[in-house]
J.: 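Let me give you the structure first, and then I'll get to my questions.
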Amino acid sequence: MATNRQAVIDELGYLSTSEISKLDEMIKGIRVDRQLDVVILITDDVEGKTSRDFADDFYDYGGYGIGSSADGLLYLINMSEREVWISTTGKAIQLFSDSEINKMVNRSTALLGDALYFEASQRFLEDVRTYSNTGIVTIFNPIYIGIALFVSIALTIALSASSRGKKEVHISTYENPESFVITRQEDVFKYERTTKTKIETSSGGSSTHKGSSGRSHGGGGGRF
Amino acid sequence: MSDVKIYKCLGCHAPLAFDPTSQNWKCKYCFSQYTKEQLDASPLNQDDPLVSHGESEQGTREEATEELNTDELDAYHCNNCGAELLADATTSATFCLYCKSPTIIKTRFSGRFKPSYVIPFKIDHKKAEELYYAWIKKRFFAPKVFKQKEEIEKITGIYAPFWMYNSKVSAYFEGQGTKVKTWSQGSYRYTNTRFYDVYREGQIAYSNIPVDGSIKLDDTLMELIEPYKYEDLKPFSMQYMSGFMAERYDLESSEAEKVAKNRIEGFASARIRDTALGYTSLSTTRNQVSYNELQDDYYLMPIYLLNNRFKDKDHIFIINGQTGKVVGQTPISVKKQILFGLSVFIVTWLVVAIGGGLIG
């Protein structure tokens with residue numbers, strides 16, 4: 001699964017060797033614990049593309065991502081435009097909603113504005129770990145526990161109820177066949193009411209777009 | 001004329017008992033078998049005119065006198081050996097405590113205690129034991145110790161007293177119904193609700209609604225063994241009682257009628273409400289059932305009764321003596337319930353969590 005693709009690519013030498021290995025360690029942890037790939041890319045040459053397209057393409061053509069849907073994120077510090085961009089792929093799209101991406105971008109621009117490139121990257125990775133927590137620990141998802149509880153209680157009650165014997169008499173058991181005659185049948189329409197509600201376009205609010213590879217990506221960015 | 005009656009074998013004069021399997025009368029000693037016609041033909045075994053049903057003979061006048069003569073004896077004695085009979089205030093057919101002869105207490109079948117019809121036993125004692133045993137094995141939460149208990153021989157075949165009701169009713173239903181439609185257009189979801197006033201009226205007739213006429217028999221269990229198949233109803237004859245216990249009613253029809261009315265009203269109001277179809281929701285504003293006719297009658301119907309005492313509590317089981325349906329107060333092991341609930345919980349949780357993880 002893990003090939004020797006670089007997770008931290010610092011083309012401008014803003015990070016020291018120890019900082020890079022620290023970030024590497026954090027990324028390794030996220031890949032194992034959260035099943036998400038993470039790439040940090042610092043560059044000033046985005047080949048004339050927008051930060052968004054460059055980030056998406058780098059991720060797609062660089063073969064990053066875990067699993068069949070290439071789950072993961074890429075953090076681009078684009079020094080030619082002084083722009084940061086977070087690109088999400090696969091399950092990361094849903095895990096990181098537009099509002100969460102926004103918060104992460106805001107934190108980044110604050111730090112990057114002060115040239116704190118290591119701190120910004122570190123904070124980004126911490127946020128990835130935190131915000132993906134709700135998704136991965138699905139085993140303890142209260143919805144699952146609730147379903148299991150409901151099923152076990154319902155089945156126990158059902159089986160206990162049959163301990164006495166089943167009731168076989170229904171409302172027509174003692175009815176004389178063909179004796180039932182309806183003498184009045186009226187359904188009177190009184191009034192009607194129509195209401196309308198707006199439909200939420202996406203659950204969890206993650207907007208997506210398609211990269212040049214044809215794959216969908218989410219994410220967002222900002223200038224610093 | 002004796003107050004008690006024992007039906008006797010035409011060959012060896014030993015007592016006869018009704019055999020549910022063959023639907024004939026058998027002699028335990030010489031194994032002779034007799035049909036009802038043969039029994040009726042023998043002067044020894046004819047139904048006394050006192051209690052025969054529907055036929056006009058000089059007996060009817062005697063019957064009238066019998067009805068006025070209401071003194072009951074304190075104890076009844078076997079006319080085979082003179083020993084006392086096993087009987088309480090409502091027992092009308094039983095066995096002699098000493099010689100075990102099946103004995104019928106005639107006076108307890110006369111006058112207002114004369115049943116119109118009876119469903120003779122279809123299931124014999126041995127079959128009843130098998131049915132109980134098979135049923136109790138399937139009770140999932142019954143303690144293992146209870147299932148293994150050997151009390152089965154104490155199953156008693158009893159003809160139980162039932163008040164039967166025929167009725168013609170008018171049912172009225174008035175309510176409010178809604179029909180809801182939803183659809184989407186663009187980025188909006190629309191919900192249209194139409195409100196209706198709903199009226200339904202109808203007439204329904206019911207036959208043979210049974211109500212347990214014995215105070216000591218548990219009403220809930222007696223209702224659960226229903227329904228009986230009325231095709232097997234026979235005009236009442238004491239001959240069918242031979243070999244079984246029988247009880248006469250101690251709950252008067254005026255009381256039993258209240259139970260019957262409750263059942264009828266439940267049936268009729270549900271039936272009329274069910275004719276209001278096609279509504280998303282239907283609430284009742286008013287409903288009423290009125291009686292055009294209500295008649296009572298008195299039948300005996302077969303049950304097997306078993307009291308299985310376990311940990312100082314009585315657990316009653318009743319088997320329908322015609323259909324073989326078993327019902328009863330099975331004890332429930334809380335340990336088994338918890339174990340079962342826990343395992344279902346764990347399995348469901350794992351399945352849902354893994355499934356959710358795969359999909360999500």
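Each chain gets a letter, A, B and so on, in the order the sequences are listed, and its residues count up from 1.
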J.: Could you report the tightest heavy-atom contact between A:Ile145 and B:Trp349, atom names first, then the distance?
T.: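 Smallest interatomic distance, heavy atoms only, reads CG1-NE1, 3.6 Å.
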J.: Please determine, by modelled atom types, if B:Arg271 and A:Ser172 share a side-chain donor-acceptor pair under 3.5 angstrom.
T.: yes
J.: Where do B:Gly341 and A:Ser152 come nearest, in terms of heavy atoms and distance?
T.: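 Scanning both residues completely, I find the closest heavy atoms to be O-CB, 3.3 Å.
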J.: Check whether B:Thr220 gets within reach of chain A through its side chain, its backbone, both or neither, counting any heavy atom under 4.5 Å.
T.: side chain
J.: Which residue out of A:Ile153, A:Leu155, A:Ile147 racks up the most heavy-atom pairs below 4.5 Å with chain B?
T.: A:Leu155
J.: Taking all heavy atoms of B:Lys325 and all of A:Lys166, pick out the closest pair and write down the distance.
T.: NZ-O, 2.5 Å
J.: A:Thr195, A:Ile182, A:Thr173, A:Leu149: which one forms the most heavy-atom pairs within less than 4.5 Å of chain B?
T.: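 Sorted descending by pairs with chain B, the first entry is A:Thr195.
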J.: Can you see whether B:Gln176 engages A:Lys190 through a side-chain donor-acceptor pair at a distance of less than 3.5 angstrom?
T.: yes
J.: Please determine, among B:Tyr172, B:Phe317, B:Tyr230, B:Tyr188, the option with the most heavy-atom pairs under 4.5 Å with chain A.
T.: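 When all of B:Tyr172, B:Phe317, B:Tyr230, B:Tyr188 are compared, B:Tyr188 has the most.
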J.: For the atom pair CZ (A:Arg193) and OG1 (B:Thr191), what is the distance rounded to the nearest 0.5 Å?
T.: 10.0 Å
J.: Considering only heavy atoms from C-beta outward, does the side chain of B:Gln337 approach that of A:Leu159 to under 4.5 Å?
T.: no
J.: Using the side chain to side chain contact (heavy atoms under 4.5 Å, CB included) rule, take B:Ile204 and A:Glu175 through it: C-alpha gap first, then chi angles, then the decisive distance, then the call.
T.: CA-CA 7 Å; B:Ile204 320 172; A:Glu175 198 177 299; 3.5 Å; yes
J.: Between B:Tyr190, B:Phe140, B:Tyr279, B:Phe173, which residue shows the highest count of heavy-atom pairs closer than 4.5 Å to chain A?
T.: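 Counting heavy-atom pairs under 4.5 Å, the top option is B:Tyr190.
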J.: If you count heavy-atom pairs under 4.5 Å with chain A, which of B:Thr330, B:Val326, B:Ile332, B:Thr193 comes out on top?
T.: B:Thr193
J.: Where is the tightest heavy-atom contact between B:Phe267 and A:Val169, given as atom of each residue plus distance?
T.: CZ-CG1, 4.0 Å
J.: Tell me, for B:Ser184 versus chain A, whether the close heavy atoms (under 4.5 Å) come from the side chain, the backbone, both or neither.
T.: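 Just the side chain, heavy atoms under 4.5 Å.
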J.: If I compare all heavy atoms of A:Asn176 with all of B:Ser207, which pair ends up nearest, and what's the gap?
T.: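 What the structure gives for the nearest pair is OD1-OG, 2.5 Å.
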J.: Measure distances from B:Asp274 to the heavy atoms of chain A and classify the residue's part below 4.5 Å as side chain, backbone, both or neither.
T.: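 Contact with chain A: side chain only.
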J.: Heavy-atom cut-off 4.5 Å, strictly under: side chain, backbone, both or neither for B:Ile225 against chain A?
T.: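 Neither part; nothing is under 4.5 Å.
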J.: Counting heavy-atom pairs under 4.5 Å to chain A, which of B:Glu226, B:Lys336, B:Lys168 comes out on top?
T.: B:Glu226
J.: Do A:Val151 and B:Val344 come within less than 4.5 Å of each other through their side chains, counting heavy atoms only?
T.: yes
J.: Donor-acceptor check, side chain of A:Ser179 to backbone of B:Ala205, threshold 3.5 angstrom: yes or no?
T.: yes
J.: What pairs meet the ring-ring contact (aromatic ring centres under 6.0 Å, His included) rule with one or both residues in residues 175-198 of chain A, with sequence neighbours excluded?
T.: A:Phe189-B:Tyr196, A:Tyr191-B:Phe195
J.: Does this structure show an ion pair linking B:Lys179 with A:Asp187, if we count only N-O contacts that are shorter than 4.0 Å?
T.: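 No, no charged N to carboxylate O under 4.0 Å.
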J.: Per the side-chain hydrogen bond (donor to acceptor under 3.5 Å, both in side chains) rule, what does the pair list look like for residues 211-223 of chain A, sequence neighbours excluded?
T.: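 Sorted pair list: A:Asp57-A:Ser212, A:Asp60-A:Ser213, A:Asp60-A:Arg215, A:Asp60-A:His217, A:Tyr61-A:Ser212, A:Glu81-A:Arg223, A:Thr89-A:His217.
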J.: Give a yes or no on whether the backbone of B:Arg139 and the side-chain of A:Ser163 come within a donor-acceptor separation of less than 3.5 Å.
T.: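 It does not hold such a pair.
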J.: Might you work through the side chain to side chain contact (heavy atoms under 4.5 Å, CB included) test for B:Val198 and A:Glu186, ending with a clear yes or no?
T.: CA-CA 6 Å; B:Val198 184; A:Glu186 266 177 68; over 6 Å; no
J.: Given the rule in the side chain to side chain contact (heavy atoms under 4.5 Å, CB included) test, do A:Glu192 and B:Asn192 qualify, once you have shown the distances and angles that lead to the verdict?
T.: CA-CA 7 Å; A:Glu192 68 182 309; B:Asn192 169 273; 2.7 Å; yes
J.: Relative to chain A, which of B:Asn166, B:Leu224, B:Thr182 shows the most heavy atom pairs under 4.5 Å?
T.: B:Leu224
J.: Checking B:Phe141 against A:Ser160 for the side chain to side chain contact (heavy atoms under 4.5 Å, CB included) test, could you report, in this order, the C-alpha distance in whole Å, the side-chain angles of both residues, the deciding distance, and whether it holds?
T.: CA-CA 7 Å; B:Phe141 295 124; A:Ser160 302; 3.3 Å; yes
J.: So which heavy atom on A:Val188 is nearest to which on B:Tyr199, and how close?
T.: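 So the minimum-distance heavy-atom pair works out to CG2-CE1, 4.2 Å.
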